[in-house]
Participant: 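First the structure, then my questions, so here it is.
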Amino acid sequence: MPTIVFVSPKGGAGKTTSSLILAEQLSRSADVTIIDADPNRPIESWAKGGAKPEHLHIIADADEENIIERIEDAAVRTPFVIVDLEGTASKIVLMAISQADLVIVPTQGSQLDAEQAGRAFRVIAQQEKMSRRKVPYSVLLTRTNSAIRTRTLAHIEKGLIAAGIPVFNTELNEREAFRAMFSFRQPLSGLSVSDVANLDKAVSNAEQFAQEVIATLRGAHQQSPEVLA
Ligand SMILES: Nc1ncnc2c1ncn2[C@@H]1O[C@H](COP(=O)(O)OP(=O)(O)O)[C@@H](O)[C@H]1O
Ligand SMILES: [Mg+2]
């Protein structure tokens, strides 16, 4: 049912990584479809490693002609649909946002990244006008340092909050395990402590992120029942 769309203008912000982290966690207790709408098909390549969890389903033929149909079909078949997109400057992004119950904007903690994220907010606002419907969204700070909180990051977070932009409490830390998922083509649960450092910390970070997403979807549901009806 809920459709979660990852959007950010900047390549490397962590959209694909965060999509897969969330999808794996949700697929532990429900069926999840990831629509890999990035023309490079990173999630499809990942799945070719053969270690895709049973409850995770991947659709890799989405384009701007069929994205709405693909999302609608997936939403009928699986309780969660996650859409991984590339960039913001295309019709497919607007179309995917039009179907979203929650848009997640992954942003790395630099001023430049935060400014670029502004493009994503403008695209969301544009879609809200087109559809005359509020689109719940939230910034996800990604690749943050788990050991130190930089002043830049604190400043950026403060700026976002002051501008009324929702920010997840959970950040995704920079973790070797999150990179290793793609190099070994494994879900987090398929990685081994002998291959990656701090795997337990990555797992608890992933769990916390998924829990906050669920709580956010529930909150959005309460605020506007038509969104998750
Ligand atoms: N939380 C993270 N920890 C470590 N590496 C990360 C994390 N998020 C992303 N990366 C790395 O950063 C690069 C870009 O991430 P990716 O998810 O592909 O971004 P996008 O989909 O926005 O282009 C990849 O090499 C990925 O492995
Ligand atoms: Mg990507």
Side-chain angles (χ1 to χ4, degrees), residues 2-64 66-67 70-71 73-75 77-88 90 92-93 96 100 102-108 140 142-144 170-210 213:
T3 296
I4 304 155
V5 177
F6 283 80
V7 176
S8 82
K10 196 167 170 276
K15 294 178 287 297
T16 301
T17 305
S18 315
S19 305
L20 186 59
I21 290 171
L22 179 63
E24 178 188 355
Q25 293 307 313
L26 296 176
S27 76
R28 289 166 62 196
S29 52
D31 279 281
V32 179
T33 304
I34 298 195
I35 299 185
D36 183 355
D38 177 335
N40 295 316
R41 311 289 183 219
I43 303 277
E44 184 184 40
S45 324
W46 169 84
K48 286 192 178 137
K52 179 182 77 59
E54 191 192 338
H55 293 287
L56 184 58
H57 311 273
I58 294 168
I59 292 178
D61 69 345
D63 57 29
E64 64 177 39
N66 64 22
I67 183 82
R70 291 290 179 276
I71 293 174
D73 290 352
R77 271 180 285 132
T78 62
F80 291 99
V81 180
I82 294 176
V83 186
D84 179 32
L85 293 156
E86 194 208 23
T88 46
S90 67
I92 194 170
V93 176
L102 176 65
V103 175
I104 298 180
V105 183
T107 306
Q108 281 176 252
L140 171 67
T142 55
R143 310 190 65 178
T144 59
T170 310
E171 298 165 9
L172 283 181
N173 294 140
E174 174 82 25
R175 291 275 176 211
E176 187 191 347
F178 296 146
R179 275 191 301 273
M181 292 193 303
F182 289 91
S183 17
F184 293 98
R185 297 203 292 184
Q186 288 286 330
L188 268 187
S189 60
L191 295 173
S192 144
V193 283
S194 56
D195 291 326
V196 285
N198 294 315
L199 184 55
D200 54 337
K201 293 198 173 111
V203 170
S204 64
N205 194 182
E207 287 170 355
Q208 199 190 353
F209 171 45
V213 169

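In this text the structure is predicted, and so the values were computed from the model without any measurement.
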Participant: Quick check: closest heavy atoms across Leu22 and Ala210, and the distance to 0.1 Å?
Facilitator: CD1-CA, 3.7 Å
Participant: Work out which heavy atom in Ala47 is nearest to a heavy atom in Ile58; give both atom names and the distance.
Facilitator: CB-CD1, 3.4 Å
Participant: As a quick check of understanding, evaluate side-chain contact (heavy atoms from CB on, under 4.5 Å) for Ile82 and Leu26, giving each step before the final call.
Facilitator: CA-CA 10 Å; Ile82 294 176; Leu26 296 176; 4.1 Å; yes
Participant: Drop me the distance from Leu140's CG to Leu172's CG, to the nearest 0.5 angstrom.
Facilitator: 4.5 Å
Participant: How would you list all residue pairs meeting side-chain hydrogen bond (donor to acceptor under 3.5 Å, both in side chains) that involve residues 10-21, not counting sequence neighbours?
Facilitator: Ser8-Lys15, Lys10-Asp113, Thr16-Asp84
Participant: Mind listing the closest non-hydrogen atom pair of Asn66 and Asp61 along with its distance?
Facilitator: ND2-O, 3.1 Å
Participant: Testing the basics here: between Ile21 and Ala206, what is the closest heavy-atom pair and its distance to 0.1 Å?
Facilitator: CG2-CB, 3.5 Å
Participant: Among all residues two or more places apart in sequence or in another chain, which pass the side chain to side chain donor-acceptor pair (under 3.5 Å) test with Gln25?
Facilitator: Arg28
Participant: Rounded to the nearest 0.5 Å, what separates atom CD1 in Ile34 from atom CD1 in Ile43?
Facilitator: 4.0 Å
Participant: Quick one: does any side-chain atom of Asn40 pair with a main-chain N or O of Pro42 as donor and acceptor, under 3.5 Å?
Facilitator: no
Participant: Among residues at least two apart in sequence or on other chains, which ones pass side chain to side chain contact (heavy atoms under 4.5 Å, CB included) with Ser90?
Facilitator: Ile92, Val93
Participant: Using the side chain to side chain donor-acceptor pair (under 3.5 Å) criterion, which residues pair with Ser189? Sequence neighbours excluded.
Facilitator: Glu24
Participant: Please determine which of Val103, Val7, Ile35 meets the side-chain contact (heavy atoms from CB on, under 4.5 Å) test together with Leu85.
Facilitator: Val7
Participant: Does Arg185 reach the main-chain N or O of Ser45 with its side chain, forming a donor-acceptor pair under 3.5 Å?
Facilitator: yes
Participant: Restricting to side chain to side chain contact (heavy atoms under 4.5 Å, CB included), what partner residues turn up for Glu44, sequence neighbours left out?
Facilitator: Asp36, Arg41, Lys48, Ala60
Participant: Got a sec, which pairs hit salt bridge (Lys or Arg N to Asp or Glu O under 4.0 Å) with one end in residues 193-202, sequence neighbours left out?
Facilitator: none
Participant: Could you tell me which non-hydrogen atom of Pro187 sits nearest to which non-hydrogen atom of Met181, and how far apart they are?
Facilitator: C-CG, 4.4 Å
Participant: Pro39: which residues meet the side chain to side chain contact (heavy atoms under 4.5 Å, CB included) condition with it, sequence neighbours left out?
Facilitator: Glu86
Participant: What distance separates Thr33 OG1 from Asp73 CG, expressed to the nearest 0.5 Å?
Facilitator: 10.0 Å
Participant: Can you list everything that forms a salt bridge (charged side-chain N to carboxylate O under 4.0 Å, His left out) with Asp63? Sequence neighbours excluded, please.
Facilitator: none
Participant: What's the verdict on side-chain contact (heavy atoms from CB on, under 4.5 Å) for Thr78 and Val32, showing C-alpha distance, side-chain angles and the deciding distance?
Facilitator: CA-CA 6 Å; Thr78 62; Val32 179; 5.8 Å; no
Participant: Any sub-3.5 Å donor-acceptor pair from Thr142's side-chain atoms to Ala13's backbone N or O?
Facilitator: yes
Participant: For the residue pair Pro106 and Phe6, what are the closest heavy atoms and their distance?
Facilitator: CG-CD2, 3.8 Å
Participant: Any side-chain heavy atom of Ile104 sitting closer than 4.5 Å to one from Val213?
Facilitator: yes
Participant: Under the side chain to side chain donor-acceptor pair (under 3.5 Å) rule, collect the residues that match up with Ser194, sequence neighbours excluded.
Facilitator: Ser192
Participant: For Arg143, enumerate each residue passing the side chain to side chain donor-acceptor pair (under 3.5 Å) test, keeping only those at least two apart in sequence or located in another chain.
Facilitator: Glu174
Participant: In Å and rounded to the nearest 0.5 Å, what is the CZ to CG distance from Phe178 to Asn173?
Facilitator: 7.0 Å
Participant: Check the pair Arg77, Asp31 against side-chain contact (heavy atoms from CB on, under 4.5 Å), reporting the backbone distance first and the verdict last.
Facilitator: CA-CA 8 Å; Arg77 271 180 285 132; Asp31 279 281; over 6 Å; no
Participant: To the nearest 0.5 Å, tell me how far His57 NE2 sits from Glu54 CD.
Facilitator: 8.0 Å
Participant: Can you sort out the partners of Ala197 under side chain to side chain contact (heavy atoms under 4.5 Å, CB included), two or more places apart, ordered by chain and number?
Facilitator: Glu176
